[in-house]
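Structure, as structure tokens:
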Amino acid sequence: MISENEYNSKLDEVRKYIADRVSSKPGLGIILGSGLGAFADLVKDKVTIRYKDIPHFPVSTVEGHAGQLVFGKVEEREVVIMQGRFHYYEGYTMQEVTFPVRAMQVLGVTGLIVTNAAGGINQEFRPGDLVIIKDHLNMLGDNPLRGSNLSNLGPRFPDLSDAYNSEWRKRALSIMQEYGIQPHEGVYAAMSGPSYETPAEIRHLRVSGADMVGMSTVPEVIVANHGGMKVLGISCVTNMAAGILPQKLSHAEVMETAERVEKKFVDFVQGLLRVL
Ligand code: HPA
């Protein structure tokens with residue numbers, strides 16, 4: 001586990017590396033999940049930096065993830081976008097997974113939109129639905145804040161009782177209505193993966209209050225809250241979770257649904273930038 005000093009000096013190098021290349025000062029960060037990459041095409045005055053070129057950044061290994069930070073304007077808002085994220089199942093530590101969120105924090109980001117692909121546990125959901133995350137279950141068995149507290153970045157014991165900002169959720173639900181998207185809210189459970197869940201695990205998560213299940217998001221949201229950011233989370237239900245339908249789960253199904261929904265999802269996130 002790296003020390004507080006070591007972590008802070010790495011972050012400072014990242015901040016300087018980016019400040020030397022990007023003149024914009026984004027206040028809003030956006031993490032794009034599977035199949036949402038096209039959102040980055042909307043960005044004006046774009047500057048992209050590949051993760052592999054940024055000092056201390058982990059490198060994404062998952063197919064369909066571009067692996068770059070995109071800076072620029074959408075709807076006249078200065079944003080920084082993570083096109084491709086890091087997952088715990090790839091073998092990174094929680095601190096590595098959340099390093100880009102820390103980088104956003106030291107660049108001045110105060111609000112974060114997080115998106116993901118998820119399996120639907122709530123039987124009212126259908127593949128293709130967009131769901132506003134209202135809370136989460138951290139089933140990862142680990143926490144990115146474990147270890148010395150980075151006291152310059154946030155408190156030792158951060159509150160998570162409004163981890164998904166309730167005012168932002170309200171605005172997101174009204175934008176959904178405006179766009180003719182069925183408004184849904186749900187609790188997201190994060191499992192470590194990379195195997196999909198068993199039917200028994202899904203029944204367990206359902207009685208525990210979960211509406212969707214996925215393999216991401218929770219580490220980033222914990223760190224964003226520690227850093228004082230407001231967070232909005234959105235899941236795209238790409239499949240029904242294991243055991244709900246008489247069929248096997250596959251990454252191909254997840255990617256197919258994500259592609260089918262991409263335009264609706266991109267339009268929705270663009271609409272959000274007007275109100276968040
Ligand atoms: N389980 C876990 N992660 C996922 C799923 C799922 O069913 N669908 C998309 N990501």
Side-chain angles (χ1 to χ4, degrees), residues 30-39 60-67 82-92 94 97-98 113-142 144 164 182 184-222 232-262 264-266 268-269:
I30 304 172
I31 302 179
L32 301 179
S34 311
L36 242 190
F39 185 81
S60 183
T61 61
V62 183
E63 250 178 88
H65 287 251
M82 274 184 80
Q83 195 175 16
R85 61 145 63 86
F86 304 103
H87 301 85
Y88 192 57
Y89 64 74
E90 293 176 80
Y92 301 113
M94 285 280 203
V97 167
T98 55
I113 300 177
V114 208
T115 65
N116 61 46
I121 296 178
N122 185 324
Q123 313 242 29
E124 289 182 6
F125 297 166
R126 293 285 169 270
D129 282 353
L130 299 181
V131 184
I132 303 300
I133 304 175
K134 66 177 174 194
D135 204 346
H136 73 223
L137 292 172
N138 179 6
M139 306 298 282
L140 298 169
D142 198 353
Y164 300 83
Q182 173 112 5
H184 290 296
E185 269 196 315
V187 173
Y188 175 91
M191 299 287 273
S192 76
S195 49
Y196 288 115
E197 300 69 35
T198 63
E201 284 166 342
I202 294 303
R203 290 193 297 274
H204 171 89
L205 292 174
R206 179 181 296 125
V207 297
S208 304
D211 297 294
M212 315 68 100
V213 60
M215 305 174 191
S216 68
T217 303
V218 162
E220 293 108 313
V221 169
I222 292 172
L232 182 79
I234 311 157
S235 288
C236 171
V237 175
T238 50
N239 57 285
M240 295 314 288
I244 295 181
L245 301 175
Q247 66 188 48
K248 293 192 176 193
L249 272 58
S250 73
H251 185 59
E253 181 192 5
V254 169
M255 296 311 286
E256 266 166 41
T257 310
E259 262 165 48
R260 173 165 67 78
V261 180
E262 186 164 33
K264 171 171 85 167
F265 206 167
V266 167
F268 172 52
V269 176

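Counting convention: from 1, in listed order, for ligands and their atoms alike. Everything numeric here is computed off the predicted structure, so don't read it as measured data.
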Mind jotting down which residue pairs meet the ring-ring contact (aromatic ring centres under 6.0 Å, His included) criterion with at least one end in residues 114-133? Sequence neighbours excluded, please. F125-H184
List for me each residue that meets ring-ring contact (aromatic ring centres under 6.0 Å, His included) alongside F265, sequence neighbours excluded, and say none if there are none. none
Taking the side chain as every heavy atom from C-beta outward, state whether L205 and M191 have any atom pair closer than 4.5 Å. yes
Mind running side-chain contact (heavy atoms from CB on, under 4.5 Å) on V131 and D211 for me, showing each step along the way? CA-CA 9 Å; V131 184; D211 297 294; 5.8 Å; no
Using 0.5 Å steps for rounding, measure from the SG atom of C236 to the CG atom of L36. 7.5 Å
Below 4.0 Å from any atom of ligand 1, which residues have a heavy atom? Give them in chain and number order, please. A117, A118, G119, Y196, E197, V213, G214, M215, T238, N239, L249, V254
In chain order, what residues pass the side-chain hydrogen bond (donor to acceptor under 3.5 Å, both in side chains) check against N138, with sequence neighbours excluded? none
